[in-house]
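For reference, the structure is listed below as structure tokens.
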Amino acid sequence: HEGACVACTPAEDALCTAETPYCDPGTFSCAPCSYHEHCPDSACNPFTGACLDAVPETVGPGETHADLGAAFGTVSAGAEAVFRVAPTGGQPYVGLNVNNNRVIALLADGGRPEVAGIGGDPTFQVAAGSTLLLANLDLRLNGNAVGLQTAGLVALDAVEIASNNG
């Protein structure tokens, strides 16, 4: 690209916005995001190619939100949220419903957090019109054998679904 006019460079991608927030180093043009790394200040929605319009908040012992229930409770209908989830040191998080057209990203922060189901419910239920984005988490220990039940959109990146024995 030396001497050529280009839309962006990987080091200077401020002109890349909306549904093309990432500067492709091969073409020096703005492109849709495909990975969370393409959205360092948020998370990537691979279904739209846009970075989520949300500032990441932390979840875990001593963090902004103590658990996923508290975190999910702050997300309004139709809103987007990014939660960086810390491991709890052996106690798994309890999974929840993603509904009301919300887009929620859960990204591991400092290890591999475990998320488990409780009672007879799946670990996560994703309703039609809603989106769940998971990265580097483990969904396990669900007593009814359902780790994920979805009518909405789900993107998994390095997620292990195991030991969901019913």
Side-chain angles (χ1 to χ4, degrees), residues 13-24 30-60 63-88 92-109 112-162 164 166:
D13 63 357
L15 295 176
C16 298
T17 60
E19 292 186 6
T20 56
Y22 166 70
C23 186
D24 184 324
C30 296
C33 67
S34 301
Y35 303 99
H36 297 301
E37 293 79 14
H38 294 165
C39 302
D41 297 327
S42 185
C44 174
N45 185 339
F47 300 109
T48 65
C51 297
L52 296 187
D53 186 19
V55 175
E57 298 179 32
T58 55
V59 178
E63 300 295 342
T64 305
H65 305 285
D67 58 40
L68 293 177
F72 277 41
T74 66
V75 185
S76 303
E80 297 178 343
V82 178
F83 297 111
R84 298 198 179 278
V85 184
T88 60
Y93 290 96
V94 174
L96 297 163
N97 294 332
V98 179
N99 53 19
N100 296 321
N101 298 312
R102 298 184 292 175
V103 178
I104 297 178
L106 300 178
L107 312 176
D109 189 21
R112 287 194 68 87
E114 282 189 12
V115 185
I118 188 168
D121 293 329
T123 306
F124 285 108
Q125 294 177 319
V126 183
S130 296
T131 302
L132 177 63
L133 311 169
L134 300 175
N136 299 302
L137 302 169
D138 293 336
L139 307 185
R140 58 179 71 240
L141 305 174
N142 191 307
N144 76 353
V146 179
L148 189 60
Q149 180 179 340
T150 183
L153 299 173
V154 176
L156 306 175
D157 182 7
V159 173
E160 182 176 330
I161 302 174
N164 294 299

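These figures come from a predicted structure and were not determined experimentally.
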(request) Decide, based on the SG atoms alone, whether Cys33 and Cys44 are under 2.5 Å apart. (result)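 Yes, because the SG atoms of Cys33 and Cys44 sit under 2.5 Å apart, which meets the disulfide cut-off.
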(message) Taking less than 2.5 Å as the test, are the sulfur gamma atoms of Cys16 and Cys30 close enough?
(response)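 In this structure, Cys16 and Cys30 share a disulfide.
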(request) Any chance you could lay out the side chain to side chain contact (heavy atoms under 4.5 Å, CB included) test for Leu156 and Ile161, step after step, and finish with the verdict? (result) CA-CA 10 Å; Leu156 306 175; Ile161 302 174; 4.1 Å; yes
Provide the closest heavy-atom pair for [X] versus [Y] in the form atom of the first, atom of the second, distance.
X	Y	result
Asp67	Val59	C-CG1, 3.6 Å
His38	Ser34	ND1-N, 3.0 Å
Leu107	Ala43	CD1-CB, 4.0 Å
Thr64	Glu57	CG2-OE1, 4.1 Å
Asn101	Gly129	OD1-O, 3.2 Å

Could you list the donor-acceptor pairs under 3.5 angstrom formed between side-chain atoms of residues 45-56 and any protein atom two or more places apart in sequence or on another chain?
residue : atom : partner : partner atom : Å
Asn45   : OD1  : Phe47   : N            : 3.0
Thr48   : OG1  : Asn45   : O            : 3.4
Thr48   : OG1  : Ala50   : N            : 3.2

(message) To the nearest 0.5 Å, what is the distance between CD on Glu160 and CG on Leu137?
(response)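 Glu160 atom CD to Leu137 atom CG measures 11.5 Å (nearest 0.5 Å).
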(message) If I take atom CG from residue Leu133 and atom CD from residue Glu80, how far apart are they, to the nearest 0.5 angstrom?
(response)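 It comes to 9.0 Å.
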Evaluate the side-chain proximity of [Y] to [X]: yes if any heavy-atom separation is below 4.5 Å, no if none is.
X	Y	result
Val82	His36	no
Val126	Leu153	no
Ile104	Leu96	no
Phe72	Asn97	no
Leu132	Thr150	no

(request) Look at the side chain of Arg102 and the backbone N and O of Ala81, then say whether any donor-acceptor pair between them is shorter than 3.5 Å. (result)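 A pair under 3.5 Å: no.
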(request) Could you tell me whether the side chain of Thr20 and the main chain of Ala31 form a donor-acceptor pair under 3.5 Å? (result)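 Flag not set: sc Thr20 to bb Ala31 has no pair under 3.5 Å.
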(message) Can you tell me how the ring of Phe83 sits relative to the ring of His65, calling it parallel under 30°, perpendicular over 60° and tilted otherwise?
(response)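 Aromatic pair Phe83/His65 classed perpendicular.
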